[in-house]
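Indexing begins at 1, ligand by ligand and atom by atom, following the structure's order. Hydrogens, waters and symmetry mates are skipped; everything else that's a heavy atom, side chains included, is used. Note that the coordinates shown come from a computational prediction; the quantities given were computed from them, not determined experimentally.
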Amino acid sequence: MDYEVVIGLETHAELSTITKLFCGCSTKFGAEPNTQVCPVCLGMPGVLPVVNKKAFEYALKAAIALNCTINRYTNFDRKSYYYPDLPKNYQISQNYYNLGIDGYMTIEVNNVIKKIRMHNVHLEEEAGKLIHPENAGADYSLVDFNRAGVPLLEIVSCPDMRNATEVESYMHALKKILLYTGISDCKMQEGSLRFEASISLRKIGEEKLGNRVEMKNLNSMKSVLKAIEYETSRQSELLDRGEKIERETRLWDEIRERSVRMRSKEEAQDYRYFPEPDLLPFVIDEKWICSIQETIPELPLERKQRFVETFQLSDYDAGLLIEDKILADFFEECLKEVNLPKVFCNWIINDLLREVKEKKLDITSLKIKPDQLASLVIMIDKGTISNTIAKEVFSEMIDTGKEPKAIVEEKKLVQISDEGQISEILDKVIASNPNAIEDYKKGKKNALAFLMGQVMKESKGKANPKVVNELLKSKLEG
Ligand code: ZN
Ligand code: MN
């Protein structure tokens, strides 16, 4: 039987604030367990929460960037559930008046633009972290409350995705928006960004949605995609046998690459939601929304389209540039110096990215500056240095942050264009390669390329290739 797969994603992103959502404790990742806690985030009796304005603004910023309608009246609600990493036995979240509702985001799959609707965007607090000892026979677990109370943004999409490719595109696009707006560092390895997928199947042509399964414990984008694949075949096999799909929450087992049942799906009433009595509701005015709107930069997909249209870059090249806002900014800074989009694009996506990868550099703290790359490009353009030498200079610029001019002078790398000097080198190469000369005279064209290579080698890459080529031909033919 053929089924249509229906997928929705719930995304949790930790916001990049310095302090927690309801207290002044640090949110810094990786500290000694239970050193970033206070009576508020430990849920002691009698304490009162105070909302972190920055966190609220970040959430608002995300909701606006995701085209949501902003609920002008909003509040926090208590979501009651018991779990050892939740010291208050409830989570302060939003249920009745989510900050943002009815938004959408555009994704691009095989050059086709698709709109994915957002059900809601809301703000809530993180839980702590349970650590289960790996030594056999351990009959205890440890808990670290450093994470408890870190501001968390939950982004709930509508079930608008139909396959793993769309889901992959959605995850990347959403991550980029969160990074571009600067509201989360999105470090999946530190748990700053987490996805949960709900997956259901229905017969093709049918309108009614099938029972959905919620998949938790997806630690990477790869796990999300694998879980979708697994769940699709598990559910379709059940349906083929005439069995029913139960609404349940399942855990992804990364090692065995399969999902296992965790619990039957809880409903909203199980959480005993009610308005948080310790916090007043919020009324958000137009002025605040406008001032936040102004801080939202051009978003990745729009930026990519502008790069293609304005700079005649290929879709692929523009896609690589906008992959990271830092790269895209770098690119546009270079263009302020000299308008050579394709040239800078090549330097950035080939040379810069290769150096970053090879030298394991942090792209947020590059030593090379855009105006320096522009100077380098101008030096090539003027013939001061050859392309080959420029690569060497570039590598040094990456390491030291020095001006290209200084490196070229220091290392005496200026291109040799003087005919007399080049002629000398040519004579030397011709004298020591009689076989190649003979080959050339017999009509073997690649002998010329070989001789060119020898000259470049002899001149340590400094000979001007154009001059070499002309002189070499005239010497061989003369
Ligand atoms: Zn605290
Ligand atoms: Mn949540």
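Between the side chains of R250 and S259, at least one donor-acceptor pair of N or O atoms lies under 3.5 Å. In this model, a donor atom of one side chain and an acceptor atom of the other lie less than 3.5 Å apart for E124 and H122. Side-chain N/O atoms of T74 and Q94 include a donor and acceptor closer than 3.5 Å. A side-chain N or O of S223 and one of S220 form a donor-acceptor pair less than 3.5 Å apart. Judged purely by distance below 3.5 Å, without hydrogens or angles, the side chains of Y104 and R117 never pair a donor atom with an acceptor atom.
Protein atoms that are N, O or S and lie under 2.8 Å from the Zn ion (ligand 1) are these: C23 SG, C25 SG, C38 SG, C41 SG. Of all protein N/O/S atoms, those under 2.8 Å from the Mn ion (ligand 2) are H12 NE2, E124 OE2, E154 OE1, and waters are not counted.
Between F56 and F76, the ring planes are perpendicular. Angles over 60° get that label, and only those under 30° would be called parallel.
Here side chain to side chain donor-acceptor pair (under 3.5 Å) pairs that include residues 13-33, with residues two or more places apart or in two chains, are T19-N52.
The aromatic ring centroids of F344 and F331 lie 6.0 Å or more from each other.
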What donor-acceptor contacts under 3.5 angstrom involve side-chain atoms of residues 313-320, with partners at least two apart or in another chain?
{"unit_1": "S314", "atom_1": "OG", "unit_2": "D317", "atom_2": "N", "d": "3.0"}
{"unit_1": "D315", "atom_1": "OD2", "unit_2": "K304", "atom_2": "NZ", "d": "3.4"}
{"unit_1": "D317", "atom_1": "OD2", "unit_2": "K342", "atom_2": "NZ", "d": "2.6"}

